[in-house]
**Student:** 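Can you keep this structure in mind? I'll have questions shortly.
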Amino acid sequence: MSCQLVKQGAEGKLYIGEYNGQKCLVKERFQKKYRHPELDAQLTKERIRAEVKTIEKCSNLGIRTPRVYGFDLNERKIYMEYFEDAETAKEYINNLLSSEESPSEVDKKLEELATDVGKILGKMHENNLIHGDLTTSNMLMIPQDSGSKELVMIDFGLSKGNSTNEAKGVDLYVLERALLSTHSAAPKLFSTILKAYREHNRKNSESAVGKYEEVRARGRKRTMVG
């Protein structure tokens, strides 16, 4: 089966390929030409291991992620589950906002999605897992037989294990900024996410939210000075 390029980003390429005869998504990390080759190889291997480890930890926590079929450190590739009929949460939200559905039905579906995001993020942070690149482009909506859609977290390329509230606060701030820039027509999304986050991160949600507010204030101050 020939590989079909799906997406090319700053860190790597995504292909539709094959693993042991099974259709899959292949994530290949670029070689960074500006780095010393040995350093680049070492850092790439560390990032791949960290990404696979985070995905597996999330899966063990009951968080839906793509299954990892295998990885090749020398070829810089991860072989993962491919979702045939998926759309990103970004596409899902935008389609909802431009649909013919009633405002109350749209609000209900947006609230359900935001609640699911908050639950997942709360569970990740409670277990000291940082995503590192929280945007609605890094979440998939997978159609279910029931007609509903399941939320799947993807793209853990910047993920890490980190117990600090600073890292959790930054994760929240990155998500808020992404929502403000991409989904300004749905202003309640982040407050709904925070509500569910607090309910599902009982260990340190208040400290993490406090750090998020500090990070947010620093960001606003830089913007005003700039």
**Student:** Would you mind telling me which of Lys203, Lys168, His200 makes a side chain to side chain contact (heavy atoms under 4.5 Å, CB included) with His125?
**Tutor:**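 For His125, the side chain to side chain contact (heavy atoms under 4.5 Å, CB included) check succeeds only for Lys168.
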**Student:** Take Ile48 and Leu73 through the side-chain contact (heavy atoms from CB on, under 4.5 Å) test and state the conclusion after the steps.
**Tutor:** CA-CA 7 Å; Ile48 289 173; Leu73 293 176; 3.7 Å; yes
**Student:** Are any of the side-chain nitrogens in Glu214 or Lys211 under 4.0 Å away from the carboxylate oxygens of its partner?
**Tutor:**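 Between Lys211 and Glu214 there is a salt bridge, with a charged N closer than 4.0 Å to a carboxylate O.
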**Student:** With a 4.0 Å cut-off on N to O distance, would you call Lys45 and Glu51 a salt bridge?
**Tutor:**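 No, this pair does not count.
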**Student:** Measure the spacing between CD1 of Ile63 and CE of Met153 and express it to the nearest 0.5 Å.
**Tutor:**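 If I round to the nearest 0.5 Å, the distance is 8.0 Å.
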**Student:** Measuring from atom CG of Leu61 to atom CD1 of Ile120, what distance do you get when rounded to the nearest 0.5 angstrom?
**Tutor:**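 Between Leu61 CG and Ile120 CD1, I get 11.0 Å after rounding to 0.5 Å.
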**Student:** Look at the side chain of Asn127 and the backbone N and O of Leu129, then say whether any donor-acceptor pair between them is shorter than 3.5 Å.
**Tutor:**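 A pair under 3.5 Å: no.
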**Student:** With heavy-atom distances below 4.5 Å as the criterion, would you say the side chains of Arg29 and Lys77 are in contact?
**Tutor:**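 Not in contact.
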**Student:** Carefully, step by step, assess Ser205 and Arg198 under the rule side-chain hydrogen bond (donor to acceptor under 3.5 Å, both in side chains).
**Tutor:** CA-CA 5 Å; Ser205 64; Arg198 283 183 160 107; 5.4 Å; no
**Student:** Just so I know, are the side chains of Arg35 and Leu43 near enough to count as touching, which here means a heavy-atom distance under 4.5 Å?
**Tutor:**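 A side-chain contact under 4.5 Å exists here.
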**Student:** Do Leu113 and Ile93 have side-chain heavy atoms sitting under 4.5 Å apart?
**Tutor:**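 SC-SC contact between Leu113 and Ile93 confirmed.
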**Student:** Can you list the steps and then say if Gln22 with Glu18 is a side-chain hydrogen bond (donor to acceptor under 3.5 Å, both in side chains)?
**Tutor:** CA-CA 5 Å; Gln22 183 173 14; Glu18 203 172 81; over 6 Å; no
**Student:** Under 4.5 Å between any side-chain heavy atoms of Ile193 and Leu179, yes or no?
**Tutor:**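 The answer is yes, as the side chains (C-beta and beyond) meet within the 4.5 Å cut-off.
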**Student:** Taking Asp40 first and then Lys33, would you say they form a salt bridge - that is, a charged N and a carboxylate O separated by under 4.0 Å?
**Tutor:**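 Result for this pair is no, no salt bridge flagged.
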**Student:** Donor-acceptor pair, distance only, cut-off 3.5 Å: does the side chain of Ser184 make one with the backbone of Ser181?
**Tutor:**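 Answer holds: no.
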**Student:** Provide the closest heavy-atom pair for Ala50 versus Ser159 in the form atom of the first, atom of the second, distance.
**Tutor:**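 Closest pair (atom of Ala50, atom of Ser159, distance): O-OG, 3.8 Å.
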**Student:** Please name the pair of heavy atoms, one in Asn94 and one in Thr182, separated by the smallest distance, quoted to 0.1 Å.
**Tutor:**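 Heavy-atom minimum between the residues: OD1-O, 4.3 Å.
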**Student:** Say whether Tyr173 and Leu180 are linked into one hydrophobic cluster, either directly or through other cluster members, by side-chain heavy-atom distances under 4.5 angstrom.
**Tutor:**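 Per the 4.5 Å side-chain linkage, Tyr173 and Leu180 are not co-clustered.
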**Student:** Could you list the residues that satisfy ring-ring contact (aromatic ring centres under 6.0 Å, His included) with Tyr19, not counting sequence neighbours?
**Tutor:**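 For Tyr19 the ring-ring contact (aromatic ring centres under 6.0 Å, His included) partners, ignoring immediate neighbours, are Tyr79.
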**Student:** For a 4.5 angstrom cut-off between non-hydrogen side-chain atoms, does Leu151 reach Met139?
**Tutor:**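 Of all side-chain heavy-atom pairs linking Met139 with Leu151, at least one is under 4.5 Å.
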**Student:** Would a distance-only check, ignoring hydrogens and angles, find a side-chain to backbone donor-acceptor pair under 3.5 Å from Asp72 to Glu75?
**Tutor:**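 Such a contact is found between Asp72 side chain and Glu75 backbone.
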**Student:** Would Glu87 and Lys149 count as a side-chain contact (heavy atoms from CB on, under 4.5 Å) here? Give the steps.
**Tutor:** CA-CA 10 Å; Glu87 62 181 336; Lys149 300 207 175 192; 2.5 Å; yes
**Student:** Can you give me the closest heavy-atom contact between Leu189 and Ala114, atom names plus distance?
**Tutor:**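 What the structure gives for the nearest pair is O-CB, 3.6 Å.
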**Student:** Does the side chain of Phe156 come within less than 4.5 Å of Cys58's, by heavy atoms?
**Tutor:**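 A side-chain contact under 4.5 Å exists here.
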**Student:** Got a sec, which pairs hit salt bridge (charged side-chain N to carboxylate O under 4.0 Å, His left out) with one end in residues 183-196, sequence neighbours left out?
**Tutor:**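 Sorted pair list: Lys195-Glu199.
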**Student:** Using the side-chain contact (heavy atoms from CB on, under 4.5 Å) rule, take Leu172 and Leu194 through it: C-alpha gap first, then chi angles, then the decisive distance, then the call.
**Tutor:** CA-CA 9 Å; Leu172 289 168; Leu194 270 190; 4.2 Å; yes
**Student:** Are Leu5 and Leu25 in one and the same hydrophobic cluster, where Ile, Leu, Val, Met, Phe, Trp and Tyr link if side-chain heavy atoms are under 4.5 Å apart?
**Tutor:**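 In one cluster: no.
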**Student:** What are the two closest heavy atoms between Cys24 and Met80, and how far apart are they?
**Tutor:**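 For Cys24 and Met80, the tightest heavy-atom pair comes out as CB-O, 3.1 Å.
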**Student:** Please indicate whether Lys7 has more than 12 foreign heavy atoms, meaning atoms of other residues, nucleotides or ligands, lying under 6.0 Å from its NZ.
**Tutor:**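 Incorrect, the count does not exceed 12.
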**Student:** Give, for atom CD of Glu101 and atom OG of Ser98, the distance between the pair rounded to the nearest 0.5 Å.
**Tutor:**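 So the gap between those two atoms works out to 10.0 Å.
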**Student:** Would you find a donor on one side and an acceptor on the other, under 3.5 Å apart, between the side chain of Asp133 and the backbone of Asn138?
**Tutor:**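 No: the side chain of Asp133 does not pair with the backbone of Asn138.
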**Student:** Report yes or no: do Val68 and Val26 belong to one cluster of Ile/Leu/Val/Met/Phe/Trp/Tyr joined by side chain heavy-atom distances under 4.5 Å?
**Tutor:**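 No, it is not one cluster - the side chains of Val68 and Val26 are not joined through contacts under 4.5 Å.
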**Student:** Could you check whether Arg216 pairs with Glu176 (Lys NZ or Arg NE/NH1/NH2 to Asp/Glu carboxylate O, under 4.0 Å)?
**Tutor:**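 Glu176 and Arg216: salt-bridged.
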**Student:** What do the steps show when you test Arg49 against Glu56 for salt bridge (charged side-chain N to carboxylate O under 4.0 Å, His left out), and what is the final call?
**Tutor:** CA-CA 11 Å; Arg49 286 195 189 98; Glu56 289 175 345; over 6 Å; no
**Student:** Which heavy atom of Thr115 sits nearest a heavy atom of Ala196, and at what distance?
**Tutor:**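 Closest approach of Thr115 to Ala196, heavy atoms only: O-CB, 3.4 Å.
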**Student:** At what distance, to the nearest 0.5 angstrom, does CZ of Arg67 lie from OH of Tyr82?
**Tutor:**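 It comes to 15.0 Å.
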**Student:** Just checking Glu38: does its CD atom have more than 12 heavy atoms from other residues, nucleotides or ligands closer to it than 6.0 angstrom?
**Tutor:**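 Counting other residues, nucleotides and ligands, CD of Glu38 stays at 12 neighbours or fewer.
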**Student:** Group every Ile, Leu, Val, Met, Phe, Trp and Tyr by side-chain heavy-atom contacts under 4.5 Å, then state whether Tyr69 and Ile55 land in the same group.
**Tutor:**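 No.
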**Student:** Closest heavy-atom contact between Gly122 and Asn201?
**Tutor:**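 Looking at all heavy atoms of both residues, the closest pair is O-CB, 3.3 Å.
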**Student:** Let me see the working for Leu134 and Leu121 under side-chain contact (heavy atoms from CB on, under 4.5 Å), right down to the final yes or no.
**Tutor:** CA-CA 9 Å; Leu134 286 166; Leu121 193 53; 3.6 Å; yes
**Student:** Taking atom types as modelled, is there a side-chain donor on Arg76 or Thr44 under 3.5 Å from an acceptor on the other?
**Tutor:**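 A pair is found: one side chain offers a donor N or O, the other an acceptor, under 3.5 Å apart.
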**Student:** So Met124 and Ile130, do their side chains get closer than 4.5 Å, heavy atoms only?
**Tutor:**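 No, too far: nothing below the 4.5 Å cut-off.
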**Student:** Indicate yes or no: does Glu81 engage Arg64 in a salt bridge with an N to O separation below 4.0 Å.
**Tutor:**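 Salt bridge present between Glu81 and Arg64.
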**Student:** How many angstroms lie between atom CD of Glu112 and atom CG of Asp107, to the nearest 0.5 angstrom?
**Tutor:**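 One finds 11.0 Å between CD of Glu112 and CG of Asp107.
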**Student:** Does the side chain of Glu28 come within less than 4.5 Å of Tyr15's, by heavy atoms?
**Tutor:**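 Yes, their side chains come closer than 4.5 Å.
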**Student:** Considering residues, nucleotides and ligands other than Glu111, do more than 12 of their heavy atoms fall under 6.0 Å from its CD?
**Tutor:**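 12 or below, so no.
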**Student:** Mind checking who shares a hydrophobic cluster with Ile154, ILVMFWY linked at side-chain heavy-atom distances under 4.5 Å?
**Tutor:**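 Result for Ile154 is Phe83, Leu140, Ile142, Val152.
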**Student:** Hydrophobic cluster membership, with links at side-chain heavy-atom distances under 4.5 Å among I/L/V/M/F/W/Y: are Val170 and Tyr212 in one?
**Tutor:**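 Yes; Tyr212 is reachable from Val170 via cluster members.
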**Student:** Has the side chain of Asp171 got a donor or acceptor atom that lies under 3.5 Å from a matching backbone atom of His131?
**Tutor:**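 Present.
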**Student:** Supply the atom-to-atom distance Thr135 OG1 to Asp155 CG, rounded to the nearest 0.5 angstrom.
**Tutor:**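 Taking OG1 in Thr135 and CG in Asp155, the distance rounds to 8.0 Å.
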